[in-house]
Each structure stands twice: as C-alpha cells, then as structure tokens.
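Written below as structure tokens is the structure these notes are about.
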Amino acid sequence: QVQLVESGGGLVQAGGSLRLSCAASGSIFVFNAMGWYRQAPGQQRELVATIASGISTTYSDAVKGRFTISTANAPNTVYLQMNSLKPEDTAVYYCTAHLGLLDYWGQGTQVTVSS
C-alpha cells in the first residue's frame with residue numbers, strides 16, 4: 001500500500017526557514033503530481049503548492065515568493081522549502097500525491113511560527 005510520510009516540521013521564529021519533506025513508499029509508480037496543503041486550527045484546509053511532471057509548479061498567493069516546491073534528488077519525494085515564515089503560516093502541513101484517479105494523503109506535520 002502507498003504511504004506518504006512527512007517530516008521537517010517544528011517550531012521556528014518568524015522570518016526563519018524550514019524544509020518539509022514527503023517520501024512515498026509502497027509504490028513503483030511515479031506520481032502525476034504531488035503537493036502540499038495546510039490546515040490551521042479552525043480554518044479550512046488550503047492548497048499551498050503543487051508540482052506536476054517535476055516541472056510545472058503552482059503556489060497560493062499567500063506563499064508565493066517565499067515557498068518553493070520541488071521533487072529534486074529522490075523519486076516520489078517532494079520538498080517544500082519555506083522561507084521568511086510568518087505566524088500566519090502556522091498549520092498542519094499535509095503531503096499529497098496523485099496518480100490517475102487515485103489520491104493519497106500523508107498524516108501531516110506541524111509547523112509553528114512564533115512571532
């Protein structure tokens with residue numbers, strides 16, 4: 001079975017950086033697309049960034065220019081480099097992967113940004 005495992009979350013001061021990683025196991029396939037969502041307490045889950053075919057990327061307006069998504073240096077692995085972090089970025093971040101009609105979700109990793 002496919003499993004997505006996120007790592008790299010933690011507590012960071014505003015203006016600092018974190019890099020999230022998501023590794024897929026249990027699959028021989030290369031996913032069509034991977035991405036990151038986040039959900040803050042009391043808020044709706046929102047799309048943060050996506051990458052398809054290792055080339056095409058999209059970002060939410062809230063993170064554009066500060067976050068970078070990539071799939072470099074491992075197959076079926078996605079990274080989210082987060083710079084210039086703000087308290088508003090505090091949320092549980094979820095990795096997603098998509099293959100045809102199938103969607104997979106990780107369990108999430110907590111990112112907390114102090115003011």
* **Common cluster, Leu85/Ile69, ILVMFWY with side-chain heavy-atom separation under 4.5 Å** => yes
List the atom pairs, donor and acceptor, that lie under 3.5 Å between side-chain atoms in residues 98-107 and the rest of the protein, sequence neighbours left out.
| unit_1 | atom_1 | unit_2 | atom_2 | d |
| --- | --- | --- | --- | --- |
| His98 | ND1 | Asp103 | OD1 | 2.7 |
| His98 | NE2 | Thr96 | OG1 | 3.2 |

* Do Val111 and Leu18 pass the side chain to side chain contact (heavy atoms under 4.5 Å, CB included) test, and can you show the C-alpha distance, the side-chain angles, and the key distance before you say yes or no? -> CA-CA 9 Å; Val111 172; Leu18 286 173; 3.9 Å; yes
* Asked: Taking only residues two or more places apart in sequence, or in another chain, which ones meet Ser7 in a side chain to side chain contact (heavy atoms under 4.5 Å, CB included)?
  -> Ser21
* To do: Side-chain contact test, heavy atoms from C-beta onward, threshold under 4.5 Å: evaluate it for Cys22 versus Trp36 and give yes or no.
  => yes
* Asked: Do you know the tightest heavy-atom contact between Leu4 and Ala24?
  -> CD2-CB, 3.4 Å
* For Val92, enumerate each residue passing the side chain to side chain contact (heavy atoms under 4.5 Å, CB included) test, keeping only those at least two apart in sequence or located in another chain. => Tyr94, Gln110
* Sequence-distant partners of Thr50, side-chain hydrogen bond (donor to acceptor under 3.5 Å, both in side chains), two or more places apart -> Thr58
* Structure fact -> Residues passing the side-chain hydrogen bond (donor to acceptor under 3.5 Å, both in side chains) test with Thr68, sequence neighbours excluded, are none
* Asked: Would you call Leu20 and Thr109 a side-chain contact if the rule is heavy atoms closer than 4.5 Å?
  -> yes
* To do: Go through the structure and list residues passing salt bridge (charged side-chain N to carboxylate O under 4.0 Å, His left out) with Arg66, not counting sequence neighbours.
  => Asp89
* Asked: Looking only at heavy atoms, which two atoms of Leu80 and Ala49 are closest? And how far apart?
  -> CD1-CB, 4.2 Å
* Structure fact -> Between Pro87 and Ala14 the two heavy atoms that sit nearest each other are CD-CB, 4.1 Å
* **Within-4.5 Å side-chain heavy-atom neighbours: Ser17 and Met82** => no
* How would you list, by chain and number, every residue that makes a side-chain hydrogen bond (donor to acceptor under 3.5 Å, both in side chains) with Glu88, sequence neighbours excluded? -> none
* To do: Could I get the full list of side-chain hydrogen bond (donor to acceptor under 3.5 Å, both in side chains) partners for Glu46, not counting sequence neighbours?
  => Arg38
* Asked: Within the distance-only criterion (no hydrogens, no angle test), does the side chain of Glu6 pair as donor or acceptor with the backbone N or O of Cys95 below 3.5 angstrom?
  -> yes
* Asked: What pairs meet the ring-ring contact (aromatic ring centres under 6.0 Å, His included) rule with one or both residues in residues 39-71, with sequence neighbours excluded?
  -> none
* **Shared-cluster residues of Ile55, by chain and number - hydrophobic side chains joined below 4.5 Å** => none
* Side-chain heavy atoms of Ile51 within contact of Val78, under 4.5 Å -> yes
